[in-house]
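These notes concern the structure reproduced below.
Heads up: numbering here begins at 1 and tracks the sequence. Owing to the predicted nature of the structure, the values given are computational and were not obtained by experimental measurement.
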Amino acid sequence: IEILNEQYLFIPNAFSPNDDGINDEFEMVIDGFKRLVNFQIFDRWGTMVFQTDQIGNFWDGTVNGSVVENSNLFNYQIILETYTGDNVTKKGFVTIVK
């Protein structure tokens, strides 16, 4: 048996939480990783507005229980563990489009 150490991660740069059923959550496509160590979203002032360590638990665009009303830019940090025990960290920006 040959074990391939291949990972795939797709992170969108925008989403539109407007309840139309299309791109309503900030979802990543993750494949080839052992687990999600941490996924955090921060507002422009550095306040964490979302955090999870569960793959499949995505951000719905709410802050303190309220949907973000205007288009806005947020920072994210994602830490994933590979099957070899290494951590992969990705940081970037995501825009809420209204």
Side-chain angles (χ1 to χ4, degrees):
I1 297 175
E2 181 181 357
I3 299 175
L4 301 175
N5 188 18
E6 295 181 13
Q7 297 92 26
Y8 177 78
L9 176 61
F10 172 76
I11 306 168
N13 60 5
F15 72 111
S16 60
N18 57 7
D19 290 327
D20 67 353
I22 302 169
N23 298 322
D24 286 332
E25 293 182 319
F26 180 43
E27 298 183 29
M28 303 165 288
V29 178
I30 300 169
D31 190 29
F33 290 92
K34 183 176 180 181
R35 69 184 182 101
L36 176 63
V37 176
N38 203 354
F39 171 38
Q40 299 172 320
I41 306 285
F42 302 91
D43 66 15
R44 69 176 78 196
W45 298 279
T47 302
M48 186 171 30
V49 298
F50 178 80
Q51 178 178 7
T52 187
D53 62 358
Q54 302 296 313
I55 291 178
N57 188 11
F58 302 115
W59 184 42
D60 61 1
T62 59
V63 175
N64 296 324
S66 299
V67 176
V68 174
E69 294 297 323
N70 300 313
S71 294
N72 219 325
L73 186 68
F74 291 84
N75 299 306
Y76 65 81
Q77 176 176 284
I78 300 164
I79 303 171
L80 297 151
E81 182 181 355
T82 67
Y83 285 99
T84 60
D86 298 323
N87 282 349
V88 174
T89 301
K90 298 291 183 181
K91 296 179 181 182
F93 300 97
V94 61
T95 302
I96 288 184
V97 179
K98 291 290 186 162

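Here the straight-line distance linking atom CD1 of I78 with atom CD1 of I41 works out to 7.0 Å at 0.5 Å rounding. The distance from atom CG of L9 to atom CG of L80, rounded to the nearest 0.5 Å, is 6.0 Å.
By the 4.5 Å heavy-atom criterion applied to side chains, V63 and D43 are not counted as neighbours.
Residue V67 shares its hydrophobic cluster (ILVMFWY side chains chained together at separations under 4.5 Å) with no other residue. If you chain together ILVMFWY residues whose side-chain heavy atoms come under 4.5 Å of each other, V37 ends up grouped with I79.
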Hey, can you pull the donor-acceptor pairs under 3.5 Å for the side chains in residues 48-59, sequence neighbours left out?
unit_1	atom_1	unit_2	atom_2	d
Q51	NE2	N38	OD1	3.3
T52	OG1	Q54	N	3.1
T52	OG1	N57	ND2	3.0
W59	NE1	T62	O	2.9

Distance-only donor-acceptor pairs under 3.5 Å for side chains of residues 87-98, two or more places apart:
unit_1	atom_1	unit_2	atom_2	d
K98	NZ	P17	O	3.4
K98	NZ	V68	O	2.9

Got a list of side-chain donor-acceptor pairs under 3.5 Å for residues 23-30, not counting sequence neighbours?
unit_1	atom_1	unit_2	atom_2	d
D24	OD1	N18	N	3.3
D24	OD1	D19	N	3.2
D24	OD2	D20	N	3.4
D24	OD2	G21	N	2.7

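In this structure, F42 is not a member of the same hydrophobic cluster as F74, with clusters built from ILVMFWY side-chain heavy atoms closer than 4.5 Å.
Within the structure, the side chain to side chain donor-acceptor pair (under 3.5 Å) test picks out the following pairs touching residues 70-82 (sequence neighbours left out): R35-E81, R44-N72, T82-T84.
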